[in-house]
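It should be emphasised that the depicted structure is a prediction, and the values quoted were computed from it without experimental measurement. In what follows, every chain begins at residue 1, and chains take the letters A, B, ... in the order their sequences are listed.
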Amino acid sequence: MKIVRDLMHPGLLTCRPDATLGQVSVLLTQHHVHALIVSDRDGRSIGIISDYDLLAGEWLSADSQSLTTMRHLTAGELMSSPIDTVEASISLGAAAQKLIEKDINRLVVTDQGAPVGVVSISDFVASIAGEEKPLRSTVADVMSDAILVCREKTPLISAARTMTQAGWRSVLVVDAKGTPEGVVSGKDLLPCVQDDVDEKLTVREIMHPVLTIDMHARLREAADLMIQKHYHRLVVVDKDDPQAFPLGIISSFDIVAEMARPGSTWQK
Amino acid sequence: MTSSSIGMGEQDRLEREKFEDELKRILNASDTAGIILRVIGSLAFQKHCQKYGYLQAAMGRAYTDIDFAAYHRQTKEIQAMMAGLGYQENREVFIVSEGDRAIFERPEAGLHIDVFFEKLDFCHAIYWKGRLEVDHPSIPLAEMLLEKMQIVQINEKDIIDTIMLLLEHPLGDEDHETINIKRIAELCSLDWGLWRTTTMNLDKVRQLAQGYKQLSSEEKVTIASQVTIALNRIEHEPKPLAWRLRARVGDRVKWYKDVDDVQ
């Protein structure tokens, strides 16, 4: 039986509690990760901050006063605390169940209480696919104009494999004309970690509804929609032709990448 | 609806009856015409608090206007009905609010009618959709409480109305003669800003009620108990991720809208 230690990424990527959201966004994009552990001067892990948390920067900056406040907000103020942990020796099924129950994307792995690594939903998807998770050396994860697609009849294992190989966190399900039917994300696949995957299962059985946004919508609107609906990605469509093949996908990571861009409001 | 002095002061019986009689006349007309028009504001509290309604006059809570909730789809019928009752509409308010609010006046009688379509949208938005059919002639008791609790700069008149409501009606999970605290808790769990203002104001009501000499010791205990029950229910409602993320930012970013007062 595989245990968490077999899947986890050893080591922790950290930031200081006084790092601004702009600084955190740079660290996330530099390391191509979706979360950092916030640690104090003594190296103790005190919280976790993710790309999704950073959406709050765009979400709440409705006016210049709010923007100023959010630009000065620190990782220590926005982080989730306490950190959700899992012991390295427990089974993958039990760890997946914890992710489902807590509705979170990652767990800090501990060895007799001491943090030793991180395990995320993407790691579990890789385990379903039966493949090693590649290093995120490409920009595929943050590209917004390329879309990973499949049809409703695509086997679930095949979708997991494709997501893992491409290093993507979701796959868009379309019909014969390219109209979006649903999305399969790592979260949809998590319940399969606990059971033997039925090879006949298709993405139709597990996909969730698509949430769309117009290509001309402001970034703040995208952040607002993601946070209110608890989605990590939106399908970008042309509102004049919503049934057409989508123009792209915008993820929480794309917004963080924009925050990290030199010259953006968050880097001034 | 927001100025601190408006709604407080001596008001003789005749003046109070003028508003109460006019409310009956408008409600009769709307019922006859099949219009869903529900009273909000001070007169709603008077209508729904048969036992404790006397506190308004006793505490110097005066009527200044008559406020209603309605649906957009009946805008034209309401405008026609009010014209038939002798009112002139302030069209500017209707246009500026993009049809969300209408003001009707009979200056010679000193009567001012406010109609809020689909929602009450001051510091926080309280939506009517599917709720105006629940009670008659007022909006449901849960929305009456929220109508007051959504005001960041809450006034004495709002405190008095809330005290009456909490003394008169129990808290529960339904609407019939009950303050549906389940609905209030659900709405507060969807919007951190509404939660922040509502819980802040409930606590203010609990504290300020203790200072009214018009209230007995038992009544003060009842109010404190009702507020505690309400706060506990709101606190224990599960909060989604958006709420929890907004809570981490807290008061650092303004959580309410400023109110442009239209009188």
*CH2/B:Trp255 to CG/A:Leu60 distance, rounded to the nearest 0.5 angstrom?*
13.5 Å
_Please tell me whether A:Ser80 and B:Arg244 have a donor and an acceptor in their side chains that are separated by less than 3.5 angstrom._
no
_Could you tell me if the side chain of B:Leu190 sits less than 4.5 Å from the side chain of A:Gln228, heavy atoms only?_
no
*So what's closer than 4.5 Å to chain B heavy atoms on A:Leu73: side chain, backbone, both or neither?*
side chain
*Contacting moiety of A:Ser61, where chain B heavy atoms sit under 4.5 Å*: neither
*asked:* Is it the case that atom CD in A:Gln30 sees more than 12 heavy atoms from other parts of the structure closer than 6.0 Å?
replied: yes
*Which of A:Met226, A:Met79, A:Lys229 touches chain B most, by non-hydrogen pairs under 4.5 Å*: A:Met79
*asked:* For a 4.5 angstrom cut-off between non-hydrogen side-chain atoms, does B:Arg252 reach A:Glu77?
replied: yes
*asked:* With rounding to the nearest 0.5 angstrom, report the CG to CD1 distance, B:Leu241 to A:Ile227.
replied: 8.0 Å
*Neighbour count above 12 (heavy atom, 6.0 Å) for A:Lys239 NZ*: no
*Salt-bridge criterion met for B:Lys254 and A:Asp63 (N-O under 4.0 Å)*: no
*asked:* Is any side-chain heavy atom of B:Val249 closer than 4.5 Å to one of A:Thr69?
replied: no
